[in-house]
Amino acid sequence: MLKFDEKAPGVWVFPSVGTGENCGVALGERGALLIDPTPHPTDLDATARFLKEMGSEVRALIFTRPPAEAISRWPDAPRIMPGTPENGVSLPDLTGGWEALHLHGVNDERLAVYHPRNKVLFCGEMLTNMAVGIPVLGGDSQGYLDNLARIEELGAKLVVPHRGEVAAGKKAVRSRIEGDRSYIYSLHRHVMTSLAAHITLDRVLTVAGQVYEDFPFLQDHLENMRFVWNELSEE
């Protein structure tokens with residue numbers, strides 16, 4: 001049975017049965033906002049039961065990244081996601097203050113969901129606990145750094161990433177931001193040093209694969225290295 005965990009007043013998070021990723025339910029006087037719901041039947045049924053128990057109805061579904069599969073349940077509720085216009089939908093009016101923040105990313109595929117009064121942020125694939133993943137740069141490391149600066153300016157007190165543990169408290173949020181930033185800076189330094197020494201990308205990737213062969217996120221790291229190499233080589 002899925003456990004809905006109240007992380008902040010009116011903000012509930014539960015792990016998807018299908019993916020293990022975080023799904024959010026934000027309850028307000030005007031209804032519920034579903035954040036990153038999945039099409040898995042168990043997730044949907046559990047959400048429907050939870051909303052019934054809470055006496056609430058779905059007002060909107062919002063996705064921090066384009067969903068792999070459409071969700072047919074709640075067909076009358078607006079869908080908001082990266083790269084698509086909101087079609088005149090005012091998310092704050094629908095949900096009592098929640099806002100969609102369009103972030104930098106390749107093909108505009110990054111979105112965050114923020115409640116400025118309560119300082120709660122659903123940040124998608126950013127600020128993942130390093131125990132369960134590393135930053136997914138998506139070919140735009142500078143855009144990722146810009147997003148970190150924007151998130152830092154928000155002063156969020158609770159951050160819910162797409163994967164992994166929630167960061168609660170300004171200190172924990174700041175630690176996540178600095179962790180992501182340090183990783184990208186380290187990657188930049190490595191690539192710039194290799195370029196200056198005229199070492200080929202193939203050689204850099206081979207050595208990295210050998211040095212970090214036991215690193216659980218090796219393939220993601222190598223992919224990030226390719227992205228950053230291409231970015232810095234073009235400058």
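Everything quoted here is computed from the prediction, not taken from an experiment.
By the side-chain contact (heavy atoms from CB on, under 4.5 Å) test, Arg117 pairs with His115, sequence neighbours left out. Checked against side chain to side chain donor-acceptor pair (under 3.5 Å), Arg150 has no partners two or more places apart in sequence or in another chain. Looking at residues two or more places apart in sequence or on another chain, you find a side-chain contact (heavy atoms from CB on, under 4.5 Å) between Lys157 and Lys119, Lys170. Partners of Glu178 according to the side chain to side chain donor-acceptor pair (under 3.5 Å) rule, which considers only residues two or more places apart in sequence or in another chain, are Arg181. Qualifying ring-ring contact (aromatic ring centres under 6.0 Å, His included) partners for Tyr185, counting only residues two or more places apart in sequence or in other chains: none. In this view, Pro216 satisfies the side-chain contact (heavy atoms from CB on, under 4.5 Å) rule with no residue, not counting sequence neighbours. Applying the side chain to side chain donor-acceptor pair (under 3.5 Å) criterion to Asp146, with sequence neighbours excluded, gives Gln142. In terms of the side-chain contact (heavy atoms from CB on, under 4.5 Å) criterion, residue partners of Val17 (sequence neighbours excluded) are, by chain and number, Leu2, His40, Thr42, Asp43. Among residues two or more places apart in sequence or in another chain, the side chain to side chain donor-acceptor pair (under 3.5 Å) test is passed with His162 by Glu21, Asp36, Arg65.
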Steps toward side-chain contact (heavy atoms from CB on, under 4.5 Å) verdict (Leu205, Trp229): CA-CA 10 Å; Leu205 294 176; Trp229 185 280; over 6 Å; no
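Within the 4.5 Å cutoff, the side chain of Pro9 has no heavy atoms near those of the Asn118 side chain.
Evaluation of the side-chain hydrogen bond (donor to acceptor under 3.5 Å, both in side chains) test over residues 44-56, restricted to residues two or more places apart or in two chains, returns Asp45-Arg73. Counting only residues at least two apart or on different chains, no salt bridge (Lys or Arg N to Asp or Glu O under 4.0 Å) pair has a member in residues 185-200. Sorted by first and then second residue, the pairs that involve residues 214-226 and meet salt bridge (Lys or Arg N to Asp or Glu O under 4.0 Å), not counting sequence neighbours, are Glu223-Arg226.
Shortest non-hydrogen contact noted between Lys3 and Phe14 is O-CB, 3.3 Å.
In this structure a side-chain-to-backbone donor-acceptor pair under 3.5 Å is missing from Ser186 to Ser182.
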